[in-house]
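Report on one structure; see the data block that follows.
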Number of protein chains: 2
Amino acid sequence: MGRPVLTDEQIHAFRARATDAAMRLFVRDGYGGFSIRALAKELGCSHATPYRYFEGKDELFAAVRAEGFRRFTAFLRARLEGVAEHDARLRALAHGYFDFARREPEAFAITFEMSQPSEGWAFVDEAAAEGWGVLHEVVGGAAAAGVLEGEVNTLAHTMWAGIHGVATLHVAGKLRMGRTGEEVVAHMIDALIRAHAPAGQETKR
Amino acid sequence: MGRPVLTDEQIHAFRARATDAAMRLFVRDGYGGFSIRALAKELGCSHATPYRYFEGKDELFAAVRAEGFRRFTAFLRARLEGVAEHDARLRALAHGYFDFARREPEAFAITFEMSQPSEGWAFVDEAAAEGWGVLHEVVGGAAAAGVLEGEVNTLAHTMWAGIHGVATLHVAGKLRMGRTGEEVVAHMIDALIRAHAPAGQETKR
DNA sequence: GGTTTGTCTTGACGATGTTAATTTAACGAC
DNA sequence: GTCGTTAAATTAACATCGTCAAGACAAACC
C-alpha cells in the first residue's frame with residue numbers, strides 16, 4: 001500500500017526528456033552555461049526533482065554523452081544506408097563523421113570532450129561501443145573485400161583517429177589558412193585508403 | 001604621487017605564478033573542480049586579488065591555455081633538437097605530440113579542449129600559431145626535400161589532424177582492444193608518410 | 001606627519017549543486 | 001468515501017562559486 005513506485009518506463013521517460021532538454025540547453029547556453037536548475041525550469045519541475053532520476057550532475061552529463069553517442073551512431077548508419085561499395089562506404093563514413101561534428105558541434109563536443117568523467121557509467125561505454133561497432137564493421141568489410149590491407153583493428157583505429165582529428169580541430173576552430181574541414185577530411189580519407197591499398201593496386205594520386 | 005602602479009614585470013610575474021598554480025590545480029582537482037578561490041589560497045592571497053590581474057575566470061583560463069600551448073611548443077622543439085633527417089623529424093614530431101598528451105593529459109586537454117572560449121584573447125591565438133609554426137616548418141621541410149609530395153598547407157593539416165586524433169582519443173580513454181596510443185600513432189605517421197611519398201619511391205609496407 | 005593614490009582584503013550578492021525537511025498525491029483497507 | 005501509509009515532488013537550507021563594491025592598508029610625494 002502507499003503511493004506507487006515509479007515504473008521503469010516512467011523513469012526512462014523522464015530521463016529521455018531530461019537528456020533531450022539538456023542537449024537543447026547546451027546548444028542554447030553553451031557547455032559551461034548549463035545548470036541543473038535551468039533544466040528543471042525547462043522541464044517544468046522543481047530544481048530538486050532531477051535528483052530522483054539522476055545521481056547528480058555527473059550522471060546527467062554521462063546520460064547526455066550516451067545519448068550523443070546514440071545520435072552519432074544513428075547519423076552514421078543513415079549515411080551508410082544504401083551505399084554498397086566498400087570504398088564509397090569508407091568515404092561516406094568519414095564525411096558523415098565530419099558532418100555530424102559540423103552540424104551539431106555541441107553534441108559532438110559533449111560526446112567526445114576529453115577530461116569529462118565517463119568512467120563509472122557503463123551505459124556510456126555501451127553507447128560508445130556501438131559507434132565503434134559501425135566503424136569497425138565498415139573498415140572490416142573493406143579489409144575483407146581486399147580494398148584495405150592490414151590488421152583490421154589497427155586499420156580501424158587509424159581511420160578513426162584520422163577522421164576524429166579533423167572533426168575535433170574543426171570544432172575547436174583550429175583549422176586555418178582557408179582550409180575547410182571538408183577538404184581536409186576528404187584528403188585524409190583519401191590518403192589513408194591509398195596508404196593501405198593492396199600492393200600493386202595503388203590508386204591514382 | 002601615491003602608491004606606485006604595478007609594473008609590467010609585476011603583473012607578468014603574478015600572471016605567470018597564477019597560470020602555473022592553476023595548471024597544478026587542474027592536475028590535482030580536475031578540470032571541473034578548479035575554482036578561482038582555491039587558486040587564491042594556493043597563491044596565498046585573497047580571493048579577489050586575481051581580479052586585478054585577470055579580467056575574470058575566462059581570461060585566466062585563456063592564459064592557462066596559452067601557457068599550455070607554449071609548453072607544448074617547447075616540448076616539440078626539444079624533441080626535434082638534433083634530428084636532421086626529414087623522415088625522422090616527421091616521426092619525432094608525431095611521437096612528441098603524442099607523448100605530450102600522454103605525459104601531461106590535463107595540460108593537453110586544457111589546451112586543446114573543444115567548446116572552450118579562446119576567442120577574444122589574441123595571446124591564445126599567438127601561442128597556438130607558434131605550435132602550428134613548428135608543425136608547418138617540419139612538414140614544409142620534408143616537402144621541400146622531396147620526402148613528401150603535395151601542397152604544403154594541406155599536408156600539414158592532414159598530418160596534424162592524424163596525430164591530433166590519436167592523442168585526443170588516447171586522452172579521452174577511447175582507444176580499445178589493447179591498442180596503445182604509441183602503436184596507433186606510429187602506424188598513423190607511417191601511413192601518412194607512405195601516402196604522400198613521391199611516386200616511384202614508395203617505401204616498403 | 002599628512003595627503004594622495006593605487007593595491008589588497010573584506011564583505012556582500014546572486015547563482016549553483018546538493019541534501020534535509022516538508023508537503024502533496026496515489027494507492028489499499030475499512 | 002475516509003483514512004493511513006508510502007513514495008514522489010516541492011520547498012527550504014547550506015556550502016561554495018564567480019564577481020563586484022566598499023573599506024583597510026601601504027607607499028610615494030608635499
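The chains referred to below are lettered A, B, ... by the order of the sequence lines, with proteins before strands, and numbering in each begins at 1.
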- From CA spacing to verdict: side chain to side chain contact (heavy atoms under 4.5 Å, CB included), A/V124, A/W121: CA-CA 6 Å; A/V124 178; A/W121 286 282; 4.1 Å; yes
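- Taking the centre of each ring, A/F69 and A/F112 come in below the 6.0 Å mark.
- When the side-chain nitrogen and oxygen atoms of A/Y53 are compared with OP1 and OP2 of D/dA9, one or more of them lie within a distance under 4.0 Å.
- Of the two residues near DNA chain D, A/V5 and B/S35, the one whose nearest nucleotide lies more 5' is A/V5.
- Comparing B/P4 and B/R37 by the nucleotide of DNA chain C that holds the closest heavy atom to each, the one mapping nearer the 5' end is B/P4.
- In this structure, B/I11 atom CD1 and C/dT7 atom C1' are separated by 11 Å, rounded to whole Å.
- At a cut-off of 3.5 angstrom, counting only N and O atoms as typed in the model, there is no donor on one side facing an acceptor on the other between the side-chain of B/R52 and the base of C/dT7.
- Between the OH atom of A/Y51 and the P atom of C/dA20 there is a distance of 13 Å, rounded to whole Å.
- Closest contact between the side chain of B/A48 and the listed nucleotides C/dT9, D/dC17, C/dC8 involves C/dT9.
- Applying the 3.5 Å distance criterion, the base of D/dA9 shares no donor-acceptor pair with the side chain of A/H47.
- Note that A/R15 lies in the cation-pi zone of A/F123, set by a 6.0 Å cut-off to the ring centre and a 45° limit from the axis.
- For C/dT9, one of the phosphate oxygens OP1 or OP2 lies less than 4.0 angstrom from a side-chain nitrogen or oxygen of B/T49.
- The distance between atom CZ of B/R3 and atom P of C/dG6, rounded to the nearest whole Å, is 11 Å.
- Going from atom CG of A/D29 over to atom P of C/dT16 covers 10 Å, rounded to whole Å.
- Each of D/dA28, C/dC27, D/dT10 was ranked by its minimum atom distance to the side chain of A/S46; first place goes to D/dT10.
- Atom NZ of B/K57 and atom P of D/dG18 are 5 Å apart (whole Å).
- Toward the 5′ end of DNA chain C lies the nearest nucleotide of B/L6, the other residue of the pair B/L6 and A/F34 mapping further downstream.
- C/dG17 atom C1' lies 10 Å from atom CG of A/D58, rounded to whole Å.
- Across all strands, A/F54 comes closer than 4.0 Å to no nucleic acid atom at all (heavy-atom distances).
- C/dT16 atom P lies 18 Å from atom CD1 of B/I36, rounded to whole Å.
- Taking the six-membered ring wherever Trp is involved, the centroid distance between the rings of A/F61 and A/F26 falls below 6.0 Å.
- The shortest distance between side-chain heavy atoms of B/V184 and B/F98 does not fall below 4.5 Å.
- One interatomic measurement links the two molecules: CZ of A/F61 to P of C/dG17, which rounds to 8 Å at whole-angstrom precision.
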